[in-house]
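Below is one structure; the comments refer to it alone.
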Amino acid sequence: MIPEYLLRAFLASIMISVLLGMLSPLINMKGLAFLTHATFHSLLFGAVLGMILGLLIGNLGIIIWVALVVTIFVVVTIAEIENRGFTSDTAIGIISSFVAGATVLGFGLLYKVMASRPYFALSESIVSYLTGEVFLITISDLEMLIFGGFLLFLAMLFLYRDFLYVSFDPEGVESYGGNVRAYLMVLYIIVGAIGALIVKTVGLITLQVVAVLPGAIAMMLSDDLRKIVGISLFLTLCIEILSIFLAYATNIPPSGIATILLGIIYGTLVFKK
Amino acid sequence: MEAVKAENVNIYYDGYIAVENLTFKLEEGETLLLLGPNGAGKTTLLRTLAGFHKEYTGKLFVFGKSPQEVKDFISYVPQSHTLNERVPLTALEVVAMGGIYKKSFIHFKIPNEILKSAEEVLEFVGLRHIMNKPFKELSGGQKQRVLLARALISNPKLLLLDEPLSALDPSARVEVANILSKIKKEKGITMIITTHDVNPLTEIGDKIMLLNKQLVAFGTPEEVLRDEIISRVYGPLSKAIKIGSKLYCIIGDVHIHRGERR
Ligand SMILES: Nc1ncnc2c1ncn2[C@@H]1O[C@H](COP(=O)(O)OP(=O)(O)OP(=O)(O)O)[C@@H](O)[C@H]1O
Ligand SMILES: [Mg+2]
């Protein structure tokens, strides 16, 4: 009999793989790795802030929502700065420094608040946002992941072609009457929302790798869009599932295993070329 | 009717003036070749006419209206190096892109009628047979023709082409120039074409503009392609030569200009 927590981890991994597997080629094609990084860091800030507020009001369920709001606020601000004519790197640089500083300050505050409230659920340790806790995922976490994930999946699916066109030639899209600002805003929000939805399960430290490498690997293996998305999806799924079972067998955190496996595949391909 | 009319136009970037006091007229159906050294403001002028760049003063009309108002009639083809070829699109998908954005926001599937017109314009530029090939794998000349097809799919009245011949070898230049000449003959679209190499295009150029921040010369090829005029922009080694009825331009020191800028 499969333990229930393993089943939950398994289902969560499928959803996560679908989201990241589809997003990853876009991140690579559009060159959004830096933005993804910034986004995921703002998630940590959001989580810290959410935890402080959650502890204060006695409801840790708000963490993910606070993280989501903070992250969307951050990506929208970055997009706005870009719209003012600054490069993406500049916009991200400015915002990231605020986010990084605020995170450190937030940790200081969080420890103070935690010291004043010794009893809270173990599943809400801030460390789980860093390393991921796929085995601690609850039924309500899972419901939310699947429901939210499905919506994000649809959004990505229906706008995929537009995201490709905007990555290929933003000026072209603009000149033919498309709204590049709106597409980029939606894409950034999708990146932020996917991050918020899965950060607790995958963990911030490895999210960056799992969101970027499968697409990079797929793009080394094929030039055909369908194949690229297919390989990326398949690879993410295999890695996620495999690492869950390896983690179950060895007691090493699964996100760490996933990252290392991806690193090995990517490294092998790069050296072979 | 005038396709383009500019009166005392100044174009700026954050207050810094890039094109100064420009006045000219282009009739509908005419082709204008826009010449000038690097940094002369050619791209700037095109982008302003296309309605992308809005920081200008003076009177600027495209078909009697402001560029933004007639965006739908204008197709702008950027220099091809601005394209991100990491994105795997086929030639057909690239062309279809020119036709989908006026109607809707979401394009899960390209509408059939757009695919059909995409095939037709690809046929027009002689590339229907490679429509399913990845754009990245096409030759330079073919890429440029695909971009022309993309610009044509929306039936524009004004085509703005930024250096469609640059980065092409001489035979590909002729290949693209032939398509431009076909567009002029069969579709009669007004075109403004920037180029560093005027020779493959002298046949289709009704007007030539020499720009170097300011208007240096504007007129028919015979009026503009004279030693004393082109040497003002391209230096003393530049020459205009007439062979038969065709005018050629030998621009001696364009590379020296480039070298100085680095
Ligand atoms: N986005 C921008 N911001 C600020 N200045 C700009 C910008 N784009 C161009 N310029 C400046 O405006 C001037 C005209 O540039 P433009 O690109 O229009 O020249 P060009 O004639 O197209 O040159 P090239 O032959 O190199 O393409 C240059 O001095 C350039 O540095
Ligand atoms: Mg230019």
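Small disclaimer: the values here were computed from a predicted structure and weren't measured.
- Checking side-chain atoms of B:Asn84 against main-chain N and O of A:Lys30 turns up no donor-acceptor pair under 3.5 Å.
- Residues A:Ser175 and B:Ile74 form no side-chain contact, since every pair of their non-hydrogen atoms from C-beta on lies 4.5 Å or further apart.
- With respect to chain A, the highest number of heavy-atom pairs below 4.5 Å among B:Lys109, B:Lys103, B:Met97 belongs to B:Met97.
- For A:Ile228, the part lying under 4.5 angstrom from a heavy atom of chain B is the side chain only.
- Residue contact with chain A, scored on non-hydrogen atoms closer than 4.5 Å, involves the backbone and the side chain of B:Arg150 alike.
- In this structure the side chain of A:Tyr165 reaches within 4.5 angstrom of the side chain of B:Ile100, judged on heavy atoms.
- Enclosure of atom CZ in A:Phe150 is not indicated, since only 12 or fewer non-hydrogen atoms of other residues, nucleotides or ligands lie within 6.0 angstrom.
- In this structure, the portions of B:Tyr76 lying under 4.5 Å from any heavy atom of chain A include both its backbone and its side chain.
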side-chain contact (heavy atoms from CB on, under 4.5 Å) for A:Leu159 and B:Ile106? Distances and angles first, verdict last. CA-CA 6 Å; A:Leu159 285 168; B:Ile106 294 176; 3.8 Å; yes
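- Residues A:Asp223 and B:Glu137 form a side-chain contact, since some pair of their non-hydrogen atoms from C-beta on lies under 4.5 Å apart.
- For B:Pro134, no part lies near chain A; criterion is any non-hydrogen pair under 4.5 Å.
- Of the atoms belonging to B:Lys136, it is side-chain heavy atoms, and not backbone ones, that fall under 4.5 Å from chain A.
- The shortest distance between side-chain heavy atoms of B:Pro88 and A:Met219 does not fall below 4.5 Å.
- Taking the side chain as every heavy atom from C-beta outward, A:Arg161 and B:Glu93 approach each other to under 4.5 Å.
- The nearest pair of heavy atoms linking B:Val87 to A:Leu164 is CG1-O, 3.6 Å.
- Within the 6.0 Å centre-distance limit, the rings of B:Phe105 and A:Tyr183 are counted as a close aromatic pair.
- In summary, the side chains of B:Tyr101 and A:Asp162 do present a donor paired with an acceptor at a separation below 3.5 Å, with no hydrogens or angles considered.
- Within 6.0 Å of atom CZ in A:Phe34, more than 12 heavy atoms from other residues, nucleotides or ligands are found, so the atom counts as buried in its surroundings.
- In this structure, CD on A:Glu174 lies 5.0 Å from NZ on B:Lys71, to the nearest 0.5 angstrom.
- Only the side chain of B:Leu89 comes within less than 4.5 Å of a heavy atom in chain A; its backbone stays farther off.
- Contact annotation for B:Thr90: neither backbone nor side-chain heavy atoms come within less than 4.5 Å of a heavy atom of chain A.
- For B:Lys65, the NZ atom is loosely surrounded, since the number of other residues' heavy atoms within 6.0 Å does not exceed 12.
- Residue contact with chain B, scored on non-hydrogen atoms closer than 4.5 Å, involves the backbone and the side chain of A:Phe168 alike.
- When heavy atoms are compared at a cutoff of 4.5 Å, B:Ile153 does not approach chain A at all.
- For CZ of B:Phe24, the number of neighbouring non-hydrogen atoms (other residues, nucleotides, ligands) closer than 6.0 Å is greater than 12.
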